[in-house]
Amino acid sequence: MFAWLARFSYRFRWPILIAGGVLAPVAAVLGGQVFSVLRPGGYDDPSTESYEARQLTLEKFGIGRADVVALYTVDSGTVADAAPAAAIQAAVERAKADQSVLLALSFYNTGAPNFVSKEKNRTFAVFTLRGDEKERIDTTDRIEKVLAAEGVKTEFGGEIPVFEAFNTTVEKDLRRAELLVFPITAILLILIFRSLVAASVPLILGALGIVTALATLRLIASVTPVSVFALNVVTVLGLGLAIDYSLFILNRYREEVPEKGIEGAIVAAVSTTGRAVAFSGVTLAASLLGLFVFPQIFLRSMAIGGIAVTVVAVTLATTILPALLGVLGPRIESLKLPFLGGSSEADSSGSGFWHTVALNVMKRPVLIAVLVVSFLLLLGSPFLRFNPSKQDARALAANIESREVNDILDSEFLPHETTPHFVVLKSETAAITPERIGELFDYVQWLATTPGLTRIDSVFSLVPGLSKAQYQGLFTSAAVKDNPQLAFGLSLFLNGDTARVSAVSDYNIDDGIGQTQVKEIRAVPPPAHTRALVGGNAADLFDTKQSIKDRLPLTLGFIGLATFVVLFLVFGSVTLPFKAMIMNLLSLTASFGAIVFIFQDGRLEGLLHYTSLGTID
């Protein structure tokens with residue numbers, strides 16, 4: 001099969017290259033649009049308690065994540081003064097008129113003091129939007145234009161502006177990374193091949209591989225949800241695989257061409273090295289299928305991106321590359337750089353640096369194995385303190401507006417106002433009775449004993465300081481309807497058979513205590529005949545980590561089995577697949593350990609221009 005493919009690629013080399021030349025600009029244009037269709041996050045597992053709690057809160061109260069936060073700052077006076085208050089209220093009302101705005105909460109329609117800063121010169125409004133991520137992004141772009149208040153400084157934060165900032169940053173950084181990587185790679189390839197033409201071939205394949213994979217990802221994202229995380233996989237694997245695969249085949253071709261001629265060398269290279277490349281791709285793609293065990297879109301997207309780029313890399317290496325070699329022929333050795341020294345063929349003929357290394361390793365296999373494995377395990381040891389989290393505004397550069405808004409909210413207001421824990425209590429009885437109000441009062445009192453909670457918001461926050469009996473009388477009386485603000489507040493916390501309680505934490509969602517609070521809140525017994533669901537960003541993270549942990553053994557088992565089967569079919573050996581899996585585990589362990597050691601522990605922050613959050617995304 002591979003010999004036939006090599007002969008086909010050689011004989012139809014010009015049509016294949018012309019097709020590749022047409023494909024490149026089309027793929028570049030199509031791939032450039034991929035950022036507009038990728039989704040943020042994708043961490044949700046629909047089977048978790050936090051997901052169900054959020055969906056129920058949206059359904060019953062119209063309250064979801066803080067999709068958009070509009071922060072208003074006055075230069076003098078306070079936000080309660082007549083002129084700024086009127087301007088801000090008018091701006092919020094303009095935004096509320098958008099049919100995609102589900103709910104808008106501010107100081108002016110709730111009267112809640114937590115919407116006003118400690119210095120009284122800032123206030124914010126929180127908007128919950130309808131639709132999926134793409135629809136909410138479109139809505140955000142619309143309402144930001146009408147949320148500016150005359151005479152008041154307006155800035156935007158919240159989940160959608162943060163995501164858009166991440167998207168812009170990732171797009172810019174990936175392009176910068178490519179501009180840095182290509183020259184470095186080019187220098188290395190020149191040192192390897194000592195020929196400018198030969199060195200350029202893997203780079204051409206690498207560039208074509210990336211744009212084709214991004215275009216493929218763009219097409220896939222039009223029919224199924226794909227997370228922005230797929231981009232990391234495509235760009236890293238796209239360049240790496242395309243260069244590696246073409247490097248292997250090109251090296252073999254150069255060894256064979258003196259004896260077998262151009263066509264014979266292409267057939268020999270593709271039949272042997274090309275076959276190995278194809279099985280390498282099959283192994284990688286089969287292993288990535290293990291990520292489909294997880295329900296989270298971000299992990300499935302990594303699999304989608306990885307499989308797409310692997311298929312592209314193998315296809316280019318076994319078709320475009322042989323065609324290119326057929327056209328170039330002996331010119332592959334053109335533009336040699338004699339000042340780089342002797343031939344690289346020394347190692348293959350039984351001398352040279354790598355030959356010496358191999359012989360020394362084979363003389364002392366046990367000693368070398370112990371030393372190398374010990375070193376890799378040492379590199380991997382920091383992974384024992386791995387602290388996973390999700391990306392949020394804190395990971396953005398300090399000068400980005402949505403990050404600045406987040407910092408202001410945490411420093412000048414009560415911290416973590418927009419990321420509280422919340423509990424949805426669904427009762428078997430729909431009526432709001434004195435008995436239910438009393439049970440809810442007791443539950444809130446018990447919940448307030450949870451360490452580290454700075455404020456509990458519930459129906460009782462609307463009129464603070466009353467006794468249980470007074471609340472029972474107030475909320476079951478007709479007087480509520482006569483007070484519009486009280487009636488609106490009541491609708492945010494009580495709706496038929498469902499009640500909502502919000503709890504602001506003193507800790508970040510990924511802090512150890514913040515995660516412990518999720519378990520403590522879930523341990524508070526709900527009222528009789530009532531089901532309590534705990535949600536919020538901290539609960540989302542808690543459930544995501546647990547969901548991945550629960551399915552990880554199945555995924556690892558699938559990857560191990562896939563690797564074993566493919567390698568057994570290639571080599572007919574039981575030992576080699578096990579050796580490959582052990583080497584993979586050691587390599588991954590060392591890599592993950594290095595990630596934790598550098599980025600979680602905050603080393604090389606100045607050199608790499610980042611600020612550690614003490615977590616890994």
Side-chain angles (χ1 to χ4, degrees), residues 62-98 101-129 139-140 142-162 165 393 398-420 454-458 461-465 483-493 502-506:
I63 298 176
R65 292 183 171 96
D67 289 321
V68 178
V69 176
L71 178 67
Y72 296 100
T73 306
V74 296
D75 292 331
S76 60
T78 73
V79 292
D81 293 341
I88 296 169
Q89 280 183 282
V92 173
E93 289 300 319
R94 288 195 297 270
K96 283 172 62 178
D98 191 298
V101 173
L102 191 59
L103 183 68
L105 298 176
S106 69
F107 170 71
Y108 306 104
N109 67 346
T110 65
N114 50 287
F115 283 98
V116 179
S117 66
K118 299 167 187 173
E119 301 298 324
K120 313 295 184 187
N121 66 325
R122 299 185 196 267
T123 187
F124 66 93
V126 181
F127 296 85
T128 299
L129 309 179
T139 302
T140 300
R142 288 198 306 272
I143 66 173
E144 282 186 354
K145 295 173 184 176
V146 300
L147 276 171
E150 186 178 351
V152 181
K153 182 181 178 182
T154 309
E155 298 169 286
F156 298 103
E159 299 223 353
I160 300 302
V162 166
N399 62 341
I400 293 178
E401 183 176 292
S402 52
R403 163 69 187 274
E404 291 176 343
V405 169
N406 180 79
D407 291 345
I408 290 170
L409 290 175
D410 278 350
S411 62
E412 298 189 26
F413 297 77
L414 194 64
H416 317 126
E417 278 285 347
T418 59
T419 55
T454 54
R455 194 183 72 247
I456 306 290
D457 291 325
S458 70
S461 308
L462 301 175
V463 188
N483 186 327
Q485 190 170 54
L486 185 59
F488 174 71
L490 191 66
S491 70
L492 299 177
F493 295 105
S502 175
V504 178
S505 173
D506 200 28

Is the shortest heavy-atom distance from the side chain of [X] to the side chain of [Y] under 4.5 Å?
{"X": "I408", "Y": "E155", "result": "yes"}
{"X": "T140", "Y": "F127", "result": "no"}
{"X": "V74", "Y": "D81", "result": "no"}
{"X": "P161", "Y": "E144", "result": "yes"}
{"X": "L492", "Y": "L103", "result": "yes"}

| said: Could you walk me through whether V92 and Q89 satisfy the side-chain contact (heavy atoms from CB on, under 4.5 Å) test, starting with their C-alpha distance in whole Å, then the side-chain angles of each, then the deciding distance to 0.1 Å, before giving a yes or no? | reply: CA-CA 5 Å; V92 173; Q89 280 183 282; 5.9 Å; no

| request: Would you mind listing every salt bridge (Lys or Arg N to Asp or Glu O under 4.0 Å) that reaches into residues 119-129, with sequence neighbours excluded? | output: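 For residues 119-129: R122-E412.
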
Donor-acceptor contact present, side-chain [X] to main-chain [Y], <3.5 Å:
{"X": "R455", "Y": "S502", "result": "no"}
{"X": "T139", "Y": "V101", "result": "no"}
{"X": "N114", "Y": "L414", "result": "no"}
{"X": "N406", "Y": "A393", "result": "no"}

| Of V69, V405, L147, which is the lone residue that meets side-chain contact (heavy atoms from CB on, under 4.5 Å) with F156? |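 Considering V69, V405, L147, a side-chain contact (heavy atoms from CB on, under 4.5 Å) with F156 is found only for L147.
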
Using every non-hydrogen atom in the two residues, find where [X] and [Y] come nearest and quote the distance to one decimal.
{"X": "L105", "Y": "T110", "value": "CD2-CG2, 4.0 Å"}
{"X": "S402", "Y": "A165", "value": "OG-CB, 3.7 Å"}
{"X": "A91", "Y": "Y72", "value": "CB-OH, 3.8 Å"}
{"X": "A87", "Y": "E150", "value": "CB-O, 3.5 Å"}
{"X": "A85", "Y": "V79", "value": "CB-O, 3.6 Å"}
{"X": "H416", "Y": "V504", "value": "O-CG1, 3.9 Å"}

| request: Hey, can you tell me if F124 and F115 have their rings parallel, tilted or perpendicular (30° and 60° cut-offs)? | output: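 Geometry flag for F115 against F124: tilted rings.
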
| task | Go through the side-chain N and O atoms of S117 and N121 and say whether any donor and acceptor fall under 3.5 Å apart. | result |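 Yes - a donor-acceptor pair under 3.5 Å links their side chains.
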
Between [atom1] on residue [X] and [atom2] on residue [Y], distance to nearest 0.5 Å:
{"X": "L462", "Y": "F488", "atom1": "CG", "atom2": "CZ", "result": "10.5 Å"}
{"X": "T418", "Y": "L409", "atom1": "OG1", "atom2": "CG", "result": "6.0 Å"}
{"X": "L129", "Y": "R142", "atom1": "CG", "atom2": "CZ", "result": "9.0 Å"}
{"X": "E93", "Y": "N109", "atom1": "CD", "atom2": "CG", "result": "7.5 Å"}

| said: Take a 6.0 Å sphere around CG of D75 and say whether it holds more than 12 heavy atoms from other residues, nucleotides or ligands. | reply: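 Incorrect, the count does not exceed 12.
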
